[in-house]
Amino acid sequence: MIQPLDHVAKIRPYVPGKPLKELERELGLTGSIKLASNENPLGPSKKAVEALSRYLHSEFDLNRYPEGSGYYLKNALSEALSREGLTVGQDQIMLGNGSNELLDIAVRTFVGAGDEAVMAAPSFVVYAMAIQSVGGIPREIPLTDYRHDLTRMADAITSRTKMVFVGNPNNPTGTSNKAAEFEAFMARVPDGVLTVLDEAYFEYVTDPDYPDTLAHFGKDRDILILRTFSKAYGLAGLRIGYGIAPERILTEMNKIREPFNTNTLAQLAALHALSDSEHVKASVRVNETGKQYLYREFQALGLPYVPTQANFIYMPLGRDAKVLYEALLGKGVIVRPVGPKEIRVTIGLPDENRRLVEALRAVTTGGNR
Ligand SMILES: *Cc1c(COP(=O)(O)O)cnc(C)c1O
């Protein structure tokens, strides 16, 4: 029988959640809410949806391959960045089937079997998965106070290190590093190590001391900045994200990407979503209101949480997360267990947040705290 490569056999599979409808059928529930995957509760921009609808009704040419270079979207991204005073040319932008794909391409371009990559733990599970998929070795550095310990991460870099992942804000904890910490870290990362800066949630950040990663891009450092249309732009289902890096890095990554890695509808929707800054602002506002509400209610319930810079909240509950997850599920509220005693909840619409609080109150009070 065919056998997988050793390093593949060792990988623990990512277990996707069941479809919502299926789960409801099994539990005999209806109207449950999903606060598990950090999706935008407002949905996508109307402009994006209208563009998709126009496209499907008139120019229907899905028989054609997508625009393989992503010309229009990259152009629009370049213009959007230049409005922030940054010169980022098309050759310094790469599109991916979600920023997830770009992580994977970066790893396949720069990390080989036996090479090391430094990352925080817990952080985004995909970092370790991508490294293991090429036989690389993840070096996981525990968080300090729920944040990346950038000093210890820099200490962990050796001559075998090819890549360092910095999730900022970090998933699942929602924390971000301060500008000074980040600068001190970047000063220690040697040339020849690619720093992957995952900024999937940067639109939600409220900390004025958030690092200016693009300034390092301007210095031609070995960095790859990843952003996405899956979160604040509400397009997770279409799978599209982008990377910003020096051209010399993207030239190599482009050699191994599928020629048509981002699809026609995703490119079109992203282009129109990008022009709808009002929708992003509204999404950030809804998040901020929900965040303050949940903080207050969690405090009132005596439930521990970590203040967030993103659209989700990490709760180190000190009790069995799986049991709590299932109890909440029974109340039609889907959250994500992210550790033995930790859950992560996505900030939803006001009604959803209220339901989360009601469910948490019901399952945590008067019980085995
Ligand atoms: C959601 C998320 C992403 C985005 O993934 P896409 O593939 O763009 O949908 C990237 N990094 C982190 C940490 C995330 O939580």
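In listed order, ligands and their atoms are each counted from 1.
- Not a single donor-acceptor pair under 3.5 Å links the side chain of Glu50 to the backbone N or O of Lys47.
- Ring orientation note: the planes of Phe182 and His216 are nearly perpendicular, at an angle over 60° on the 30°/60° scale.
- Within 6.0 Å of atom OH in Tyr71, 12 or fewer heavy atoms from other residues, nucleotides or ligands are found, so the atom counts as exposed in its surroundings.
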| task | Applying salt bridge (charged side-chain N to carboxylate O under 4.0 Å, His left out), run through Arg285 and Glu288 and close with a yes or a no. | result | CA-CA 5 Å; Arg285 267 199 309 273; Glu288 198 51 38; over 6 Å; no

As a test of reading the model: which N/O atoms of the protein lie under 3.5 Å from N/O atoms of ligand 1, and at what distance?
{"residue": "ligand 1", "atom": "5 (O)", "partner": "Ser99", "partner atom": "OG", "Å": "3.4"}
{"residue": "ligand 1", "atom": "7 (O)", "partner": "Ser99", "partner atom": "N", "Å": "3.1"}
{"residue": "ligand 1", "atom": "7 (O)", "partner": "Asn100", "partner atom": "N", "Å": "3.0"}
{"residue": "ligand 1", "atom": "7 (O)", "partner": "Arg239", "partner atom": "NH2", "Å": "2.6"}
{"residue": "ligand 1", "atom": "8 (O)", "partner": "Ser99", "partner atom": "N", "Å": "2.7"}
{"residue": "ligand 1", "atom": "8 (O)", "partner": "Ser99", "partner atom": "OG", "Å": "2.8"}
{"residue": "ligand 1", "atom": "8 (O)", "partner": "Thr228", "partner atom": "OG1", "Å": "2.6"}
{"residue": "ligand 1", "atom": "8 (O)", "partner": "Ser230", "partner atom": "OG", "Å": "3.4"}
{"residue": "ligand 1", "atom": "9 (O)", "partner": "Ser230", "partner atom": "OG", "Å": "2.5"}
{"residue": "ligand 1", "atom": "9 (O)", "partner": "Arg239", "partner atom": "NH1", "Å": "2.7"}
{"residue": "ligand 1", "atom": "9 (O)", "partner": "Arg239", "partner atom": "NH2", "Å": "3.4"}
{"residue": "ligand 1", "atom": "11 (N)", "partner": "Asp198", "partner atom": "OD1", "Å": "3.2"}
{"residue": "ligand 1", "atom": "11 (N)", "partner": "Asp198", "partner atom": "OD2", "Å": "2.6"}
{"residue": "ligand 1", "atom": "15 (O)", "partner": "Asn171", "partner atom": "ND2", "Å": "2.8"}
{"residue": "ligand 1", "atom": "15 (O)", "partner": "Tyr201", "partner atom": "OH", "Å": "2.6"}
{"residue": "ligand 1", "atom": "15 (O)", "partner": "Lys231", "partner atom": "NZ", "Å": "3.3"}

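- Asp198 and Tyr127 share a donor-acceptor pair across their side chains, judged by distance under 3.5 Å alone.
- Shown here is Arg160, whose CZ atom has no more than 12 heavy atoms of other residues, nucleotides or ligands within 6.0 Å.
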